[in-house]
Amino acid sequence: MPKTPLHPSPPPLEANDVAIVGGGTVLWFVAFLALLPFQGTLSAHGHGTWPWICLSGGLLGLIGLWYCRARRDAIARGRAAEAAGPAPGHTAERTTGDNGQNPATRSD
């Protein structure tokens, strides 16, 4: 059977990670607040940890929000630096010696 030609992989999809993680974090906190009045009933039926699991999910979501915002800002800085071009005095290629070592770090 003949092989089909391989196509290049499509570029990764861009998503608004901050909104996705923020929405999930809000849902965890809403679930915590919704379960809190039923703590006594949940504990009587062996499910007393459910509100605290929701609270933990919300707190971990806050860490995720911090990470996603830092990542988004780092990507934006990288794109801005790419658009600006290389910094003056820097070359795109590294100069190497005859054995592949950087001449500045080579010891004779």
Side-chain angles (χ1 to χ4, degrees):
M1 196 155 52
K3 286 188 171 184
T4 59
L6 297 176
H7 299 286
S9 299
L13 294 175
E14 298 277 337
N16 188 351
D17 299 334
V18 175
I20 294 168
V21 173
T25 302
V26 167
L27 288 176
W28 279 115
F29 281 125
V30 167
F32 170 71
L33 293 174
L35 290 175
L36 202 55
F38 304 104
Q39 177 64 33
T41 306
L42 289 169
S43 294
H45 290 93
H47 302 294
T49 59
W50 285 8
W52 310 115
I53 291 170
C54 294
L55 180 63
S56 299
L59 294 175
L60 288 172
L62 292 176
I63 295 170
L65 267 175
W66 170 80
Y67 175 80
C68 286
R69 292 173 101 189
R71 181 179 178 272
R72 178 193 61 193
D73 296 343
I75 290 171
R77 282 191 307 271
R79 286 185 179 156
E82 256 182 31
H90 289 86
T91 59
E93 295 180 19
R94 188 178 84 177
T95 307
T96 58
D98 52 322
N99 63 353
Q101 270 189 314
N102 186 343
T105 60
R106 186 178 66 197
S107 62
D108 292 332

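Aromatic ring centres of Trp50 and Phe38 lie farther apart than the 6.0 Å criterion allows.
Within a 6.0 Å sphere centred on CZ of Arg71, other residues, nucleotides and ligands contribute 12 heavy atoms or fewer.
Asp73 CG to Arg69 CZ: the interatomic distance, rounded to the nearest 0.5 Å, is 7.5 Å. Distance CG/Asn16 to SG/Cys68: 9.5 Å, rounded to 0.5 Å. Atom CD1 of Ile20 sits about 11.5 Å away from atom OG1 of Thr25, to the nearest 0.5 Å.
Side-chain contact between Leu59 and Phe32 is absent, with no heavy-atom pair separated by less than 4.5 Å. Looking at Asp17 and Tyr67, their side chains never come closer than 4.5 Å, going by heavy atoms from C-beta outward.
Checking side-chain atoms of Gln39 against main-chain N and O of Pro51 turns up no donor-acceptor pair under 3.5 Å. Formation of a donor-acceptor pair under 3.5 Å by the His47 side chain with backbone atoms of Ser43 is not found in this model.
A salt bridge does not link Glu14 to Arg72: none of the charged nitrogens lies less than 4.0 Å from a carboxylate oxygen.
Across Leu35, Thr49, Leu36, a single residue satisfies side chain to side chain contact (heavy atoms under 4.5 Å, CB included) together with Cys54, and that is Leu35. Each of Val26, Leu65, Leu62 was compared with Val21 under the side chain to side chain contact (heavy atoms under 4.5 Å, CB included) criterion, and only Leu65 meets it.
Residues Ile53 and Val30 do not share a hydrophobic cluster, clusters being chains of Ile/Leu/Val/Met/Phe/Trp/Tyr side chains in contact below 4.5 Å. Residue Leu55 is not grouped with residue Leu27 when hydrophobic side chains (ILVMFWY) are merged at heavy-atom distances under 4.5 angstrom, including chains of intermediate members.
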